[in-house]
Amino acid sequence: MPRPRRLPVLALAAAALLALASCAGSSGGGSSPDGLHLVKSGQLTVATDSPAYAPWFSDGKPANGKGFESAVAYAVAAKLGFTPDKVHWVTEPFTSSFAPGPKKFDFDINEISITPQRQQAVDFSTGYYDVSQAVVALKSSRIANVTTLAGLKGAKFGAPVGTTSLDAVTRQVAPVQQPAVFNDLNDAKTAMENGPIDGIVVDLPTAFQLTSAEIPDSLIVGQFPTVGAPEQFGLLFEKGNPLVGKVNDALAQLTSSGELRRITEQWLGSQAGAPVLR
């Protein structure tokens with residue numbers, strides 16, 4: 001019987017070091033970026049639209065870590081093992097984000113609601129924020145004092161193109177006049193301030209931002225009631241991207257630790273005070 005070969009001492013030492021490195025890389029509960037499916041190796045590429053609106057982002061600068069969604073993106077990145085300097089932001093228009101086909105980003109964070117229709121073309125993470133839709137109007141508007149959904153039927157509404165805000169007002173109010181569709185929120189705001197529309201429909205945190213800091217003499221007429229499961233924002237991925245599972249693990253950790261709740265409270269505060277339209 002031939003005698004077993006002896007590995008040189010240096011080879012044994014190298015093998016031991018590799019084993020230690022492997023253990024170290026696997027001890028962080030998925031915190032290492034090694035082996036992740038990424039658009040660019042060693043870098044987390046995150047997309048959002050431009051302009052990037054408050055309170056989701058601050059000063060129109062997604063990379064500064066300020067604003068709810070910027071903070072969420074960096075918190076997820078940290079759980080995946082990326083330091084802030086390894087997070088690269090790219091611009092992706094809202095309506096093209098959920099179009100089918102290859103993506104130039106690892107995930108998109110842009111107040112994108114999870115819907116069955118969108119899930120046919122892209123994948124989503126678990127929801128990171130439960131959202132309600134609300135109506136904003138000028139205090140001088142004919143709908144300023146309306147308290148019911150039925151009272152809004154004669155109003156002319158507007159909302160940004162491709163948003164669930166349009167779906168919500170059509171489904172819950174069924175207005176007599178077809179809602180106006182705008183390229184972005186700024187165009188909708190201008191139309192309301194100049195008179196072609198009575199009010200705009202946006203998510204509730206945006207409604208608070210608009211009425212408190214952006215549109216003088218405006219108010220939240222009310223928020224739509226929740227019907228069935230709550231609407232949720234999710235991180236958006238190219239269809240079939242295996243990174244979804246890792247990001248879901250990261251979101252679960254952020255939820256269980258209370259960090260996601262703290263980020264929400266810091267940047268969105270309390271959403272109490274907006275009446276519910278019945």
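These numbers were taken from a predicted model, which means no experiment stands behind them.
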[atom1]/[X] to [atom2]/[Y] distance, rounded to the nearest 0.5 angstrom?
X	Y	atom1	atom2	answer
Ser96	Lys103	OG	NZ	6.5 Å
Phe98	Asp123	CZ	CG	15.0 Å
Ile109	Asp49	CD1	CG	13.5 Å
Lys86	Leu38	NZ	CG	12.0 Å
Ile215	Glu193	CD1	CD	5.0 Å
Leu251	Asn248	CG	CG	6.0 Å

More than 12 non-hydrogen atoms from neighbouring residues, nucleotides or ligands closer than 6.0 Å to [atom1] on [X], yes or no?
X	atom1	value
Lys153	NZ	yes
Asn186	CG	yes
Lys239	NZ	yes

Just so I know, are the side chains of [X] and [Y] near enough to count as touching, which here means a heavy-atom distance under 4.5 Å?
X	Y	value
Gln232	Asp130	yes
Ile143	Phe157	yes
Phe182	Ile200	no
Pro225	Gln172	yes
Leu204	Val131	no
Val72	Leu260	yes
Val169	Phe224	yes

Pair Asp198 + Arg142: basic N to acidic O under 4.0 Å: yes
Name the one of Leu219, Val201, Thr211, Thr206 that satisfies side-chain contact (heavy atoms from CB on, under 4.5 Å) with Val136? Thr211
Would you say the side chains of Ser257 and Gln253 form a donor-acceptor pair under 3.5 Å? no
Are a donor atom and an acceptor atom from the side chains of Ser113 and Glu231 found within less than 3.5 Å of each other? yes
Minimum heavy-atom separation for Val247 to Ser125, with atom names? CG1-CB, 4.2 Å
Between Leu138 and Met192 the two heavy atoms that sit nearest each other are CD1-O, 3.8 Å
Using the six-membered ring wherever Trp is involved, compare the ring planes of Tyr128 and Phe233 and label them parallel, tilted or perpendicular (cut-offs 30° and 60°). tilted
Check whether any side-chain N or O of Asn64 sits under 3.5 Å from a backbone N or O of Ser58 as a donor-acceptor pair, and report yes or no. yes
